[in-house]
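For clarity, every value in this text was computed on a predicted model and none was experimentally measured. Residue numbers begin at 1 in each chain, while the letters A, B, ... track the order of the sequences.
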Amino acid sequence: MSQKPRVRFAPSPTGYLHIGGARTALFNWLYARRHGGTFILRMEDTDQERSTPESVKAILDGLTWLGIDWDEGPGKEGPYAPYFQTQRLHLYRQYADQLIAEGKAYYCSCTREEIDERRKAAEAEKRAYKYEGTCRGQKTVPAGRTAVVRFQAPSGDGTLGFDDQVLGTITKPYADMDDFVMLRADGIPLYNFGCVVDDHTMDITLVGRGQEHINSTFPQLLLYRALGWTPPAFAHFPLILGPDREKLSKRKHPEADVMLHARNGVLPEALNNFVVRLGWSHGNEEVIQRPQMIEWFGFDHVGGTSGVWNPDKLTWLSQQYLKLLPPADVAARLRPFLLERGMDVPADARLEQVVLAFRERARTLVEMAEMARWVYSRGVSLDEKAATKHLGPEGRPVLDAVRAQLVALTAWETAPLDAVVKTVSEQLGVGMGKVAQPVRVAVTGNTVSPGIGETLAIVGRAEVLARLDAALAR
RNA sequence: GUCCCCGUCGUCUAGAGGCCUAGGACGCUGGCCUUUCAAGCCGGUAACACGGGUUCGAAUCCCGUCGGGGACACCA
């Protein structure tokens with residue numbers, strides 16, 4: 001590659017950042033980082049009805065949470081600013097005028113109603129609709145009317161094609177192309193036109209986007225040619241499908257919301273890993289951390305087949321990262337989830353210990369926070385079934401014996417605490433389970449928890465003794 | 001309907017003519033470990049859509065059929 005690549009992610013700010021967009025952004029970002037290029041964020045905010053500042057923020061926040069940073073874009077005004085299409089309207093006007101002057105585009109003063117009628121008529125006759133070109137050649141707006149700017153598609157037997165970096169050669173005959181609207185009467189560009197003008201004026205070298213845009217590549221290619229510009233390279237990524245096998249969409253699939261997963265306590269590293277493996281692979285590697293992702297990523301191993309969203313694998317990955325990341329790091333991320341659940345988390349909350357104790361049992365930060373409930377409570381509420389089974393006549397002497405040992409224990413740590421359980425089981429001549437379970441129930445309220453020594457260590461001496469007493473007193 | 005893309009276990013995928021009696025991962029499942037639950041370890045389940053070619057040889061190349069998805073706006 002002779003020049004450093006410049007790639008972009010160009011979402012329209014009409015809602016939250018969705019998974020498909022995040023994956024597109026990630027692939028582009030990875031490509032830029034891999035080749036020492038530039039990753040640009042551009043807001044295609046030309047849909048006046050649906051674009052909102054809140055959505056812009058939501059997208060920025062989503063990307064930030066995922067750790068996808070941009071070199072140019074909102075908040076990072078570079079040499080190609082501005083990065084909002086509504087601030088670039090003069091450019092679209094300028095190039096539209098040029099094409100009209102050259103006879104490559106024209107003012108179309110057909111009304112929407114007229115177009116709609118013809119379209120319906122064509123449908124009724126089961127005939128593919130095509131603009132019939134009644135306004136072709138029109139270089140001015142007829143008096144008393146408004147007009148859009150329409151591009152004149154080529155006719156004849158030609159074929160247009162491009163070499164997709166993922167899919168290979170893709171072609172389409174001229175006969176299947178149609179005159180399309182570039183610019184509305186109010187000067188707002190439509191997707192194909194705005195996209196081309198911006199990609200060219202921003203010196204984009206490669207356009208990476210979802211396969212739903214394959215067909216729009218052709219009108220865009222026509223535009224590049226008419227304008228005398230060299231088109232960038234294209235790479236079309238497979239789609240991400242919902243459980244119903246349809247394209248993941250905001251409307252039908254709640255899981256399409258990137259930040260939903262953040263709220264669910266999935267680690268961003270896990271979501272990145274999951275999403276990058278949907279469509280891309282590197283041999284048999286499953287858990288791939290950022291540096292490796294950057295080193296290995298390439299379009300040659302992006303597939304052409306759409307992938308189905310698999311929540312099980314996402315949560316599995318989430319746990320992998322819970323175990324992989326430094327405990328202190330996980331602890332810092334866990335804290336808000338504990339606070340959110342009303343737990344009192346003091347400064348010396350031994351959060352890292354909690355992470356160590358639960359990371360093999362929890363798959364998300366939410367699960368971890370839920371599991372940690374008994375760690376931060378004053379006293380504990382006993383599960384009735386568990387209490388009946390373990391705190392009855394058989395359990396009481398065990399609790400008494402354990403309590404006596406604990407009071408005398410000097411080092412309140414996992415190993416000596418485990419040793420206490422062992423000693424008591426030998427003393428009373430019963431299995432370890434007969435000792436650990438009553439203690440576990442008394443201290444956590446339930447039959448399931450980390451190892452007993454670890455459990456007692458986390459809860460702390462004073463609180464453990466208090467809970468033992470409470471269990472004995474019932 | 002027209003055009004475009006795709007088609008390996010339920011899901012994500014490895015596979016670029018012989019290394020494939022098709023490998024890995026998730027899930028499901030049997031076992032081991034074990035003071036509970038996990039985690040971990042060992043094992044099992046399960047796929048080249050179909051039909052024709054090309055070739056000594058095809059999951060891999062070609063054609064057709066079928067299937068899935070996407071695009072057909074003054075949305076992006």
Q: Find the distance A/Trp316:CH2 to B/rG10:P and express it as a whole number of Å.
A: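 After rounding, the gap between these two atoms is 20 Å.
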
Q: If I pick the P atom on B/rG64 and the same atom on B/rC20, what distance separates them, to the nearest angstrom?
A: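 Straight-line distance between the two P atoms is 32 Å.
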
Q: What integer distance in Å separates A/Lys434:NZ from B/rU36:C1'?
A: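 Taking atom C1' of B/rU36 as the reference, NZ of A/Lys434 is at 13 Å.
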
Q: Quantified in whole Å, what is the C1' atom distance between nucleotide B/rC48 and nucleotide B/rG23?
A: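 The same atom, C1', in both gives a distance of 13 Å.
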
Q: Which distance, rounded to the nearest 0.5 Å, do you find between the SG of A/Cys135 and the CD of A/Gln152?
A: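 These two atoms lie 11.5 Å from each other.
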
Q: In whole Å, what separates the P atom of B/rA38 from that of B/rG30?
A: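 B/rA38 and B/rG30 have their P atoms separated by 13 Å.
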
Q: Let's see if you can work this out: which of B/rU8, B/rU36, B/rC4 has an atom nearest to the side-chain heavy atoms of A/Ile170?
A: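 Looking only at side-chain atoms, A/Ile170 lies closest to B/rC4.
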
Q: Taking a pair as Watson-Crick or G-U wobble with both distances under 3.5 Å, which nucleotide is matched to B/rG43?
A: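 When the pairing criteria are applied, B/rU29 turns out to be the nucleotide that pairs with B/rG43.
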
Q: Take atom P in B/rG44 and the same atom in B/rG1, then report the distance between them in whole Å.
A: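 One P to the other, the span is 46 Å.
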
Q: Specify the residue among A/Thr171 and A/Ser281 whose closest nucleotide of RNA chain B lies further upstream toward the 5′ end.
A: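 Per heavy-atom nearest nucleotide, the more 5' residue is A/Thr171.
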
Q: Nearest heavy-atom pair of A/Gln87 and A/Pro82: which atoms, and what distance?
A: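 Closest heavy-atom pair between A/Gln87 and A/Pro82: OE1-CB, 3.2 Å.
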
Q: Which class fits the ring pair A/Phe180 and A/Phe151: parallel under 30°, tilted 30 to 60°, perpendicular over 60°?
A: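 Geometry flag for A/Phe151 against A/Phe180: parallel rings.
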
Q: Using atom P in both nucleotides, what's the gap between B/rA16 and B/rU60 to the nearest angstrom?
A: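 My reading of the P atoms in B/rA16 and B/rU60 gives 12 Å.
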
Q: Paired with B/rU65: which nucleotide, if any, by Watson-Crick or G-U wobble criteria at under 3.5 Å for both distances?
A: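 Partner of B/rU65: B/rA49.
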
Q: Both distances below 3.5 Å, Watson-Crick or wobble geometry, any strand: find the nucleotide opposite B/rU35.
A: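 Pair assignment: B/rU35 / none.
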
Q: Need the pair for B/rG1. Rule: Watson-Crick or G-U wobble, both distances under 3.5 Å, any strand; none if unpaired.
A: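 By the stated definition (distances under 3.5 Å), B/rC72 pairs with B/rG1.
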
Q: Of A/Arg118, A/Arg150, A/Arg119, which meets salt bridge (charged side-chain N to carboxylate O under 4.0 Å, His left out) against A/Glu132?
A: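 It is A/Arg118; the other options fail the test.
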
Q: Ignoring hydrogens, what is the shortest heavy-atom contact between A/Tyr191 and A/His213? Give both atom names and the distance.
A: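 Smallest interatomic distance, heavy atoms only, reads OH-CD2, 3.3 Å.
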
Q: Between the protein and nucleotides 21-24 of chain B, are there any N/O to N/O pairs under 3.5 Å, and if so, what are the atom names and distances?
A:
from: B/rG23; atom 1: N2; to: A/Asn284; atom 2: OD1; distance (Å): 2.9
from: B/rG24; atom 1: N2; to: A/Glu286; atom 2: OE2; distance (Å): 2.8

Q: Measure across A/His253 and A/Tyr16 and return the closest heavy-atom pair with its distance rounded to 0.1 Å.
A: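 Taking every non-hydrogen atom into account, O-OH, 4.2 Å.
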
Q: Any non-hydrogen side-chain atom of A/Arg184 less than 4.5 Å from a side-chain atom of A/Leu190?
A: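 Yes, side chains in contact.
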
Q: To the nearest 0.5 Å, what is the distance between CZ on A/Arg23 and CH2 on A/Trp280?
A: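 It comes to 12.5 Å.
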
Q: Within the structure shown, what part of the strands sits under 4.0 Å from A/Val308 by heavy-atom distance: base, sugar-phosphate, or nothing?
A: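 Result for A/Val308 = sugar-phosphate.
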
Q: State the pairing partner of B/rU54; accept Watson-Crick or G-U wobble contacts with both distances under 3.5 Å, and report none otherwise.
A: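 Pairing partner: none.
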
Q: Do the charged groups of A/Arg373 and A/Glu370 touch, with an N to O distance under 4.0 Å?
A: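 A salt bridge is present here (some side-chain N lies under 4.0 Å from a carboxylate O).
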
Q: With a 4.5 Å cut-off on side-chain heavy atoms, are A/Phe9 and A/Leu63 touching?
A: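 Side chain of A/Leu63 against side chain of A/Phe9, heavy atoms only: contact under 4.5 Å found.
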
Q: Touch check for A/Ile452, heavy atoms < 4.0 angstrom, all strands: base, sugar-phosphate only, or nothing?
A: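 Touches a base.
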
Q: Could you tell me the separation between the CG atom of A/Leu160 and the P atom of B/rC3, rounded to a whole number of Å?
A: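 About 17 Å, once rounded to whole Å.
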
Q: With a non-hydrogen cut-off below 4.0 angstrom, is A/Ala128 in contact with a base, only sugar-phosphate, or nothing?
A: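 Answer is nothing: A/Ala128 stays at 4.0 Å or more from every strand.
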
Q: Please give the distance between the P atoms of B/rA46 and B/rU29 as a whole number of Å.
A: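 Going atom to atom, P in each nucleotide, I get 16 Å.
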
Q: Counting the atoms with a prime plus P, OP1 and OP2 as sugar-phosphate, which does A/His301 contact under 4.0 Å by heavy atoms, base, sugar-phosphate, or nothing?
A: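 It contacts sugar-phosphate atoms only.
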
Q: Partner of B/rA16 by Watson-Crick or G-U wobble geometry, both contacts under 3.5 Å, or none?
A: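 Because no pair has both required distances under 3.5 Å, B/rA16 counts as unpaired.
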
Q: Given the C1' atoms of B/rA59 and B/rU21, what is the spacing between them in whole Å?
A: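 Each nucleotide's C1' atom is 14 Å from the other's.
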
Q: Taking A/Pro11 as the fixed residue, which of A/Asp45, A/Ile59, A/Leu17, A/Thr24 is the one that meets the side-chain contact (heavy atoms from CB on, under 4.5 Å) rule?
A: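 Only one of A/Asp45, A/Ile59, A/Leu17, A/Thr24 forms a side-chain contact (heavy atoms from CB on, under 4.5 Å) with A/Pro11, namely A/Ile59.
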
Q: Within the 4.0 Å limit for protein heavy atoms, which parts of nucleotides 70-76 of chain B are touched? Write it as a string from 5' to 3', B for base, S for sugar-phosphate only, - for none.
A: BS-SBBB

Q: Would you check if A/Val56 and A/Phe84 make a side-chain contact, meaning some heavy-atom pair closer than 4.5 Å?
A: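 Counting from C-beta outward, A/Val56 and A/Phe84 do come under 4.5 Å.
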
Q: Distance check needed: B/rU35 P versus A/Leu399 CG, whole Å only.
A: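 In whole Å, B/rU35 P and A/Leu399 CG are 19 Å from each other.
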
Q: Should A/Thr217 and A/Arg209 be marked as a side-chain hydrogen bond (donor to acceptor under 3.5 Å, both in side chains) after you check the CA-CA gap, both sets of side-chain angles, and the distance that decides it?
A: CA-CA 10 Å; A/Thr217 307; A/Arg209 73 235 300 198; 3.1 Å; yes

Q: Nearest whole angstrom, please: distance from the C1' of B/rU34 to the CZ of A/Arg440.
A: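 Atom-to-atom, A/Arg440 to B/rU34, this comes out as 11 Å.
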
Q: Distance between the P atoms of B/rG57 and B/rC72, in whole angstroms?
A: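 So the two P atoms sit 46 Å from each other.
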
Q: How many Å lie between CG on A/Asp418 and C1' on B/rU34, as a whole number?
A: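 Computing the A/Asp418:CG to B/rU34:C1' distance gives 12 Å.
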
Q: Do A/Val258 and A/Leu271 have side chains that approach each other closer than 4.5 Å (heavy atoms only, starting at C-beta)?
A: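 They are in contact (side-chain heavy atoms under 4.5 Å apart), so the answer is yes.
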
Q: Tell me: CH2 of A/Trp280 to C1' of B/rA25, nearest whole Å?
A: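 It is 14 Å, rounded to the nearest whole Å.
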
Q: In this structure, how many angstroms lie between the P atom of B/rC6 and the CD1 atom of A/Ile240, rounded?
A: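 To the nearest whole Å, that distance equals 18 Å.
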
Q: Would you tabulate the nitrogen or oxygen pairs shorter than 3.5 Å linking the protein to nucleotides 37-39 of chain B?
A:
from: B/rC37; atom 1: O2; to: A/Arg361; atom 2: NH1; distance (Å): 2.8
from: B/rC37; atom 1: N3; to: A/Arg361; atom 2: NH1; distance (Å): 2.5
from: B/rA38; atom 1: O2'; to: A/Glu360; atom 2: O; distance (Å): 2.0
from: B/rA38; atom 1: O2'; to: A/Arg361; atom 2: N; distance (Å): 3.4
from: B/rA39; atom 1: O4'; to: A/Glu360; atom 2: O; distance (Å): 3.3
from: B/rA39; atom 1: O3'; to: A/Lys323; atom 2: NZ; distance (Å): 2.8

